[in-house]
Amino acid sequence: MTRSSIFFVLWTTVAGISHADEPGKVPGLTISEYPRHAEQVDEASFYLDPGESGDPIGPSKLTKSLDPWTWTAERNAVARGELIIPEDGDYAFVADSHYDRNVLMIDDKVVCGFRDGTDRVATIPLKKGPVEICVVGYVGSRGSAKVLWRPPGYKELGPIPSHALRTKGVPAAPRKGGLVVAKDFVVEVYHNGTRVPDEKREYLLDRFGASAECIDVPLQAGDWIVFHVANNRLRHEGRMYFAMAASNGADRFAHVSDPASPQWSSCYDPGRARDFIKGRHEGNESRAVSITKVWEEGDKYMTEFSGATLPGAPLWGAAPSCWIKYVVPGAEKKPKTKPRGNSSSSDAEKLVPIESGMAMPPGKASGPAEEPKVNSLGMKFLPVPGTEVLMCIHETRKGDYAAYAAEHPQVHQTWKTIEAYGVPVSENADHPVVNVSWDDAVAFCEWLGKKEGATYRLPTDREWSLAVGIGAKEPKGMPERLDGAIKGIYPWGKQWPPSRGAGNFADSAGAAKIPGMNAIPGYEDGYATTAPVMSFKANQSGFYDLSGNVWEWCEDWYDKNRRERVLRGGAWQYDELSLLSSDRLCNLPDTRDIYRGFRCVLDPSGRKENEKMAHEESKTRSTLAVESPRRWTVQVLAATYGTGGKNADVTERVTRFVEDRKRFSANPVDLGADPNPGWNKGLHIVYLKDGVRREQRWNENGTVLPDSLYGPQDAGELTRWLEGTRWTGPKGEIQFHPSGLIAGPKLSGDPQWKALDSRKIRVTWANEESLDYEFDYVWSEFKRTEDGKDGYRLIK
């Protein structure tokens, strides 16, 4: 594996690391500071023999790394200790800095002194064992350097690892919390579903681009911790390397990364990230896997920070942005924000109240007197109160879907055989079908409609609410607005925890077989995963499994962005919040997993809901409301301005410019700093966009366009940016519709558009002439690629 990998080490409690070969010694070197000597009077006479430094100022300190080696501009500094030579051979050294004024000595002999950069590398023969090392930094210099070495067999110069440095000086102070070492970037850390604040994350060091930080997050049984990890997909090709160790002392480990352990899982889908972060159990079927090739430097860092006997193994990922979760074995923990009722498990045998005031004894179904309508597959339908439609009283079964798949061999086959950690899911024909996407569910409904000579479709979000009994309480609006708005009402009533027989939820049967499963305390339903449909009581309208078993796809978009579809009802591995009657989930239409299924609606009106929506859109395509172009979240991480080792932190000012979308210049006037007058300075900006860490560099007086930080970087992002936007050009006003059509008062036919990459659009006009256009995000315009003509400008 190359160095374009990501590497982590995490401690929950870290004591001072000591070497067993000689008691009392700690890794690193002792630093003593000294005053400027009388002989150091000008730029030509700054050298001073370390033995003539005089008396030290203040107490000694400890440095665990010489990368970089720093000292103040007012004081000389000397770092002393031992360097452990691992084997006989020739060792190369360099003190890498700009106009450095420092000396590296080994066994009292000068190896590197007053070098400028890495062009003069000193190579000396050394024997295995400890040698004395002394590094001196003089006032009048830039105040920092990187002391690098190249042991025998290595191809590149690199930092001297802390385990190779030791001293009898100041011991390392005990440190509590977590220690994380990362190749690229940890964007955010979540503990039990809540973001760990920045003040609890302390940056420690940077080696070969691997950053280290201390995270104050004590892990306990039942906790879960999620790392959002990002790297630059263009520079690093999406390769990632992740490892964690939580230490209870020298070479004693409480938690380690292990791809064979079910406690570790990963998520690469931003649409599922929210649930993955908030749910201890969510996404645990997405197992992490082992790396295919060892990253030697990473493994050395792992043993350096964790100990040579580390039993864990690194995890491998292949995405520029992902979420990695570790679930601590033990009792479950719930985020404190979860609502809880006042009832207890002692209420399990009491009557279950229904919203209308009716009550049902456990195990008894309450439903309408009307007999359900039955189709040729044996699917049963009842009216949804307040509507003209009939909804299937049960979720679509595996046997129902098998009849459809038998006539469509091209159907995605993941619905057939499914397991969760060796436990069957949707085991038999009477279980709900799972691993079906929204697109799969719609295709099934269309097939069923042709087979039955009727109109079948997915229920709308509104129809589902009416079926579950809260439709009269909910206002009109997008599902996003209604998500979780009605608290304390579940499909079985207002009681929490649910009484026995209320539904198929996360229970002790599942927790006994599935590691890390988030079980409802004291609840038992007898099924580790899915249950046969209609195994539990129906609600007062006669519908079964409106809570638990599987999430059910609905017809609607979740929000106005029209990227994700709605799901309702919770599943067999979900908790209290997800079982609320008002709770919604949203996923991309092509999402498939072991928690998602669907049920059908029979529409007597004979028109599909999506046909109605398409009809309404066709009537209004020329008068669609103007939507603001999508604006991605951009977070400025750091901005420095300077040169020659003298830099100013201008993060706050650059952040303000970027957030206000105001262009500015890389000069002292706009940036409010001039760290090195008379020199040509540069501006370096490090920022996050769409979970990806990026950088920009600008020369002095260059005009910085904040819009350039927000621009799309692939076809998908350009598509989402263009949807709903309006433009003016040779064909008058036009609008890019999310359906892939272009609307406009002067257009005829149905012209179509498609994003080809981050800067190119293909438009097929009504005469079927396809033209490619070059897109310019900064100036919000696009022109014909071949000749730069037919330009269109954004209407803001």
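Fair warning: this is a prediction, and the values are worked out from it, not measured in the lab.
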Closest approach of [X] to [Y] (non-hydrogen atoms, all atoms of both residues):
X: G791; Y: P730; answer: O-CD, 3.4 Å
X: W698; Y: T703; answer: CZ3-O, 2.8 Å
X: V704; Y: I685; answer: CG1-CD1, 4.4 Å
X: P675; Y: A673; answer: CD-C, 3.8 Å
X: V658; Y: P706; answer: CA-CB, 3.9 Å
X: P159; Y: L148; answer: N-CD2, 3.9 Å

Audit row: I324, Y326, side chain to side chain contact (heavy atoms under 4.5 Å, CB included) steps and yes/no: CA-CA 7 Å; I324 298 175; Y326 172 65; over 6 Å; no

pair [X]-[Y]: side-chain heavy atoms closer than 4.5 Å:
X: E695; Y: R697; result: yes
X: K760; Y: E774; result: yes
X: V136; Y: N76; result: no

Residues forming a ring pair (Phe, Tyr, Trp, His ring centres under 6.0 Å) with Y687, sequence neighbours excluded: none

Value rounded to 0.5 Å, distance of [atom1] in [X] from [atom2] in [Y]:
X: E564; Y: Y558; atom1: CD; atom2: OH; value: 8.5 Å
X: F736; Y: R726; atom1: CZ; atom2: CZ; value: 12.5 Å
X: L709; Y: Q696; atom1: CG; atom2: CD; value: 4.5 Å
X: N676; Y: T643; atom1: CG; atom2: OG1; value: 6.5 Å
X: D670; Y: K662; atom1: CG; atom2: NZ; value: 11.5 Å
X: W224; Y: Y190; atom1: CH2; atom2: OH; value: 14.0 Å

Taking only residues two or more places apart in sequence, or in another chain, which ones meet [X] in a side chain to side chain donor-acceptor pair (under 3.5 Å)?
X: W149; result: none
X: R656; result: none
X: E700; result: Y641
X: D674; result: K681

Ring centres under 6.0 angstrom apart (Y773, W727): no

Aromatic contact, W323 with F276 (centres under 6.0 Å): no

Residue pairs fulfilling ring pair (Phe, Tyr, Trp, His ring centres under 6.0 Å) with at least one residue in residues 642-678, sequence neighbours excluded: F657-F664

Residues which pass side-chain contact (heavy atoms from CB on, under 4.5 Å) with [X], listed by chain and number, not counting sequence neighbours:
X: P197; result: E199, K200
X: T651; result: V636, A638, A639, D649, T655
X: N701; result: N667
X: K783; result: E781

Q735 (side chain) donor-acceptor with G724 (main chain) under 3.5 angstrom: yes

Mutual orientation of the aromatic rings belonging to F782 and Y792 [parallel < 30°, tilted 30-60°, perpendicular > 60°]: parallel

Partner residues of E786 under the salt bridge (Lys or Arg N to Asp or Glu O under 4.0 Å) criterion, sequence neighbours left out: R784

Residues forming a salt bridge (Lys or Arg N to Asp or Glu O under 4.0 Å) with D483, sequence neighbours excluded: R274

Residue pair K731, W765: steps toward the side chain to side chain contact (heavy atoms under 4.5 Å, CB included) verdict: CA-CA 10 Å; K731 295 183 181 292; W765 298 106; 3.4 Å; yes

Verdict with reasoning, N699 to N680, per side chain to side chain contact (heavy atoms under 4.5 Å, CB included): CA-CA 8 Å; N699 293 327; N680 289 322; over 6 Å; no

R759 CZ: over 12 foreign heavy atoms closer than 6.0 Å: no

D787, CG atom: more than 12 neighbouring heavy atoms under 6.0 Å: yes

Stacked cation flag R762 on W753, 6.0 angstrom / 45 deg: no

Derivation of the side chain to side chain contact (heavy atoms under 4.5 Å, CB included) call for L718 and D757: CA-CA 7 Å; L718 179 55; D757 56 36; 5.7 Å; no

